[in-house]
2 protein chains.
Amino acid sequence: MATIREVAERAGVSTMTVSRVINNSGYTSRAARARVEAVIAEMGYVPNALARSLRFKQTKTLALVLSDITNPFFTTIARGVEDVANRHGFNVIFGNTDESEEKQAEYLNVLVQKQVDGVLLVPALSTEGPVAFLRSRGVPVVVLDRRVPECSTDGVRGDSVQGGYELTKLLLGLGHRRIAILSGPPEVSTAADRVAGYRRALAEAGLNCDPVLILHGLLRQAGGYQMTQQALALTPRPTALFAANNFIAIGAYRALRDARLHVPDDLAMVAFDDLPPALILEPFLTVAAQPAYEMGQCATEMLLARLAGKGPDARQEVVLPVEIIIRCSSGNPLTGE
Amino acid sequence: MATIREVAERAGVSTMTVSRVINNSGYTSRAARARVEAVIAEMGYVPNALARSLRFKQTKTLALVLSDITNPFFTTIARGVEDVANRHGFNVIFGNTDESEEKQAEYLNVLVQKQVDGVLLVPALSTEGPVAFLRSRGVPVVVLDRRVPECSTDGVRGDSVQGGYELTKLLLGLGHRRIAILSGPPEVSTAADRVAGYRRALAEAGLNCDPVLILHGLLRQAGGYQMTQQALALTPRPTALFAANNFIAIGAYRALRDARLHVPDDLAMVAFDDLPPALILEPFLTVAAQPAYEMGQCATEMLLARLAGKGPDARQEVVLPVEIIIRCSSGNPLTGE
DNA sequence: CTGTTAGCGCGTTCAG
DNA sequence: CTGAACGCGCTAACAG
C-alpha cells in the first residue's frame with residue numbers, strides 16, 4: 001500500500017533515489033542506500049508493477065486460453081507453460097473456453113486490455129478470427145494443439161494425422177475391418193486430422209471407407225457415450241472403436257460396459273491422448289500419447305523468444321510426433337475371419 | 001496499441017469524450033458518440049486496463065497459488081475458482097509451488113507487486129508467514145484445502161479429520177487391526193489431520209496405536225511407493241493401507257503390485273481424494289472424496305465478497321464434509337481372525 | 001552521487 | 001454537452 005513517494009519522504013531522499021535502490025540502477029551512496037533499504041523493510045513497501053508496466057509496456061504476464069483445464073492433457077500443457085514462464089519471470093493467466101467462441105472472444109478481449117505480453121491459445125474452433133484479432137492488437141500468439149487455417153502463425157501441436165494413421169493401422173493389422181471412429185466436431189482441427197489419418201490408413205490398405213463409421217460428437221465423456229451407442233446400432237456392428245480423445249474414450253468404455261460388452265474381447269478399442277501415469281492404476285488403453293508437457297514448454301519458449309525479438313522471422317510450426325503405446329484394450333489379432 | 005488520445009484526435013474530440021463513450025458515463029451528443037465509435041472500430045482501439053487499474057486500484061485479477069495443478073484434486077479446484085471468477089469479471093493467475101515455501105514466497109511477492117485484488121492460497125506448509133505477508137500488504141486471502149495455525153483467516157477446506165476417521169473406522173469394521181497410514185509431511189495440515197482422524201478411530205475402538213504404522217513421506221507417487229515398501233517390511237505386516245492422497249494411493253498400488261500383492265485380497269486399501277469420473281475407467285479405490293469443485297467455488301465467492309466489502313466482519317472458516325465412497329479396494333470383511 | 005522534469009494511458013474535477 | 005488540467009506510481013533523461 002505504501003508508495004515510492006512515502007518511502008522517499010520517510011528516508012529524506014527523492015523518489016528517484018528510492019527507485020535506484022530498488023532496481024540497482026545508477027549510483028547511490030552507501031548511506032542513502034542503507035537508509036532507503038531500512039525504510040522499505042520497515043514500511044513493507046512493494047513496488048507497484050502496474051505503474052512500471054505502464055511505462056515499460058511490458059507486463060511480464062502471459063495468457064493461456066484453452067478449452068478445459070480439467071482435461072489432464074491440457075492440465076499437463078498448462079504445467080509446462082507455467083514452468084517455463086515462471087523460470088523466465090512471467091506469470092500466467094488462464095481461462096477455460098469450453099470450446100465456445102464467444103467465451104474465447106471475451107477472454108481475448110479482456111486479456112488484450114490487460115496488456116498481456118503474449119497469448120498461448122488452444123483455439124475453440126479452427127477459425128482465424130481470434131488469431132487475427134490478437135495480431136491486429138499487436139499481441140504475439142502461439143497456437144497450441146490445433147491448427148488455424150489460412151493464417152500462418154507460430155504453432156505447436158501433436159501429429160494428429162500420424163497418430164490417427166498409426167492407431168488405425170494397428171487395428172487393421174489385428175484384422176479389424178469395421179472400425180468406427182468417434183471424433184470431435186469437424187471444425188476442431190485435431191478431430192478432423194485424426195479422421196484424416198484414419199482415412200489414409202484405410203485407403204492405404206485398399207479398403208474403402210464406410211462413411212457411417214465416422215461419427216462426430218462432443219469432445220467429452222457424454223459425446224463418447226452417445227457416439228458409441230450410435231456405433232453399436234450399426235449393422236454389421238464395428239469390431240473396433242477409435243476414440244479421438246481421452247474423455248471420449250472413457251465415455252465409450254462406459255457405454256460398452258452398459259451394453260454388457262467387454263473390451264477387448266467383444267470390441268477392441270484405441271484412443272488418442274494418454275492419461276498421466278500418476279493417475280492410472282492399471283494401464284489399459286492402447287493410445288496415441290502426445291507429449292503434452294513438452295508441447296506447453298515448447299510453445300512458451302517460442303512465445304518468449306518472439307517477445308525477446310529473438311525468434312526467426314518466419315512463422316514457425318512445430319509438429320511433435322505422437323507415441324503409440326500398445327496395451328490391453330486393442331486386444332489380440334482377430335481370428336475366424 | 002492505439003491510445004485514447006489518438007482516437008480523440010482522429011474523431012476531432014477530446015480524450016474525455018472518448019472516455020465517456022467507452023464507459024457510457026456522463027452525457028455525449030449523439031453525433032460525437034457515433035463518430036467516436038466509428039473511429040474506435042476503425043482503429044481497433046482497446047482501452048488500457050493497466051492505466052485504469054492504476055487509477056482505480058483494482059485489477060480485476062485474482063491469484064491462485066497451489067502446489068501442483070497437475071493433481072486432479074487441485075485441477076478441479078482451479079476450475080471452480082476460474083468459473084466463479086470469470087462470472088464476476090475477474091481473471092486468475094495461477095502458480096505451482098511444488099510445496100516449496102521459497103517458490104511460494106516468490107509468487108506472493110510478485111503477485112502483490114502486480115496488485116492482484118486477492119489471493120487464493122493452498123499454503124505449502126502450515127506456517128502463518130505467507131498469510132501474514134499478504135495481510136500486511138493489504139491483499140485479502142482465502143486459504144484453501146489446508147489450515148494455517150495461529151492465524152485467523154478466511155478458509156475453505158475438506159474435513160480431513162472426519163475423512164481420516166471414517167476411512168479408518170471402515171477398515172476397522174472390516175476386521176483390520178494393523179492399518180498403516182501413508183501420509184504426507186507432518187507440516188502439511190491435511191496430512192496431520194488425516195492422521196488425527198486415524199488416531200481417533202483407533203482410540204475409539206479401544207486399540208492402541210502402533211507408531212511404526214504411521215508413515216510420512218512426499219504427497220506424490222514416489223512417496224506412496226516408498227512408504228508402502230516400508231510398510232511391507234514391518235512385522236507383522238499391516239493388513240490394510242490408508243493412503244493420505246490420490247497420488248500416494250497410486251504409488252502404493254504400484255509398490256504392492258511390484259511386490260506381487262493383490263488388492264484387496266492380500267491387502268485392503270483406502271485413500272483420500274477421488275479421481276474425477278471422467279478419468280476413471282473402472283472405479284476401484286474406496287475413497288474419502290472431497291468436493292473439490294465446490295471448494296474452489298466457495299473460496300472464490302468468499303474472496304469476492306471480501307473485495308466487495310460484503311463479507312462478515314469475522315473471519316470465516318468453511319469445513320466441507322467429505323464423502324466416503326466404498327468400492328473394491330477396501331475388500332470384504334476379514335475372516336479367520 | 002542526487003534531484004527535477006516529464007510522461008506512460010486513463011478518468012475525475014471543475015470550468016466552460 | 002465538452003474540454004483542460006491534474007494525478008495514479010514509476011523511471012529515463014537530463015541537469016546539478
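Because the structure is predicted, anything quoted here is derived from the model rather than measured. Letters go in sequence order (proteins before strands), and every chain restarts at 1.
Shown here are the side chain to side chain contact (heavy atoms under 4.5 Å, CB included) partners of R147(B), two or more places apart in sequence or in another chain: R157(B), S189(B), D193(B). Partners of R20(A) by salt bridge (charged side-chain N to carboxylate O under 4.0 Å, His left out), not counting sequence neighbours: none found. For T59(B), the side chain to side chain donor-acceptor pair (under 3.5 Å) test picks out D117(B), with sequence neighbours left out. Take E101(B) and apply the side chain to side chain donor-acceptor pair (under 3.5 Å) test, not counting sequence neighbours, and it matches T127(B). Evaluation of the side chain to side chain donor-acceptor pair (under 3.5 Å) rule for D154(A) yields R306(A) as partners, not counting sequence neighbours. By the side chain to side chain contact (heavy atoms under 4.5 Å, CB included) test, S19(A) is found to be paired with I4(A), M16(A), N23(A), residues two or more places apart in sequence or in another chain being considered.
One can place CG of L50(B) at 15 Å from C1' of dG7(C), the figure rounded to the nearest angstrom. Atom NZ in K57(B) sits roughly 14 Å away from atom C1' in dT12(C) (whole-Å rounding). Nucleotide dC8(D) holds its C1' atom 13 Å from the CD atom of E6(A), rounded to whole Å. Separating the CG atom of L54(B) from the P atom of dG9(C) is a distance of 12 Å, rounded to the nearest angstrom. Summarising the geometry, the separation between CD on E9(A) and P on dG9(D) is reported as 12 Å, rounded to the nearest angstrom. In this structure, the CG atom of N48(A) is 6 Å from the C1' atom of dG9(D), given to the nearest Å. For R137(A) and dG9(C), the CZ to P distance is 16 Å, given to the nearest whole Å. The distance from atom CZ of R33(B) to atom C1' of dT2(D) is 14 Å, rounded to the nearest whole Å.
For dG3(C), one of the phosphate oxygens OP1 or OP2 lies less than 4.0 angstrom from a side-chain nitrogen or oxygen of T17(A). Between dG7(D) and R5(A), no contact under 4.0 Å exists linking OP1 or OP2 to a side-chain N or O.
The 5' end of DNA chain D is approached more closely, in terms of each residue's nearest nucleotide, by V13(B) than by the other of A51(B) and V13(B).
No side-chain donor-acceptor contact under 3.5 Å links K114(B) and T61(B).
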Which pairs would a plain distance check flag for residues 62-72 of chain B, meaning a side-chain donor or acceptor within less than 3.5 Å of a matching protein atom at least two apart in sequence or in another chain?
unit_1	atom_1	unit_2	atom_2	d
D68(B)	OD1	R79(A)	NH1	3.0
D68(B)	OD1	T70(B)	N	3.0
D68(B)	OD2	R220(B)	NH2	2.9
N71(B)	OD1	F73(B)	N	2.9
N71(B)	OD1	N246(B)	ND2	3.0
N71(B)	ND2	N246(B)	OD1	3.3

Practice task
Between protein and nucleotides 11-16 of chain D, map the contacts as a letter string: B base, S sugar-phosphate only, - none, heavy atoms under 4.0 Å, written 5' to 3'.
Solution key: BBB---
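The ring pair (Phe, Tyr, Trp, His ring centres under 6.0 Å) contacts involving residues 78-129 of chain A comprise F94(A)-F94(B), where partners must be two or more places apart or lie in separate chains. The list of side chain to side chain donor-acceptor pair (under 3.5 Å) pairs with a residue in residues 293-305 of chain A, not counting sequence neighbours, reads D83(A)-Y293(A).
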Exercise for the section: For DNA chain C, just give me the dot-bracket, please: Watson-Crick or G-U, both distances below 3.5 Å, ( ) intra-strand, [ ] crossing earlier pairs, | paired with another strand, . unpaired. Expected result: ||||||||||||||||
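A salt bridge is defined here as a Lys NZ or Arg NE, NH1 or NH2 lying under 4.0 Å from an Asp or Glu carboxylate O, and R33(A) with E37(A) meets this definition.
For the segment residues 105-116 of chain B, no residue has any heavy atom less than 4.0 angstrom from an atom of DNA chain C.
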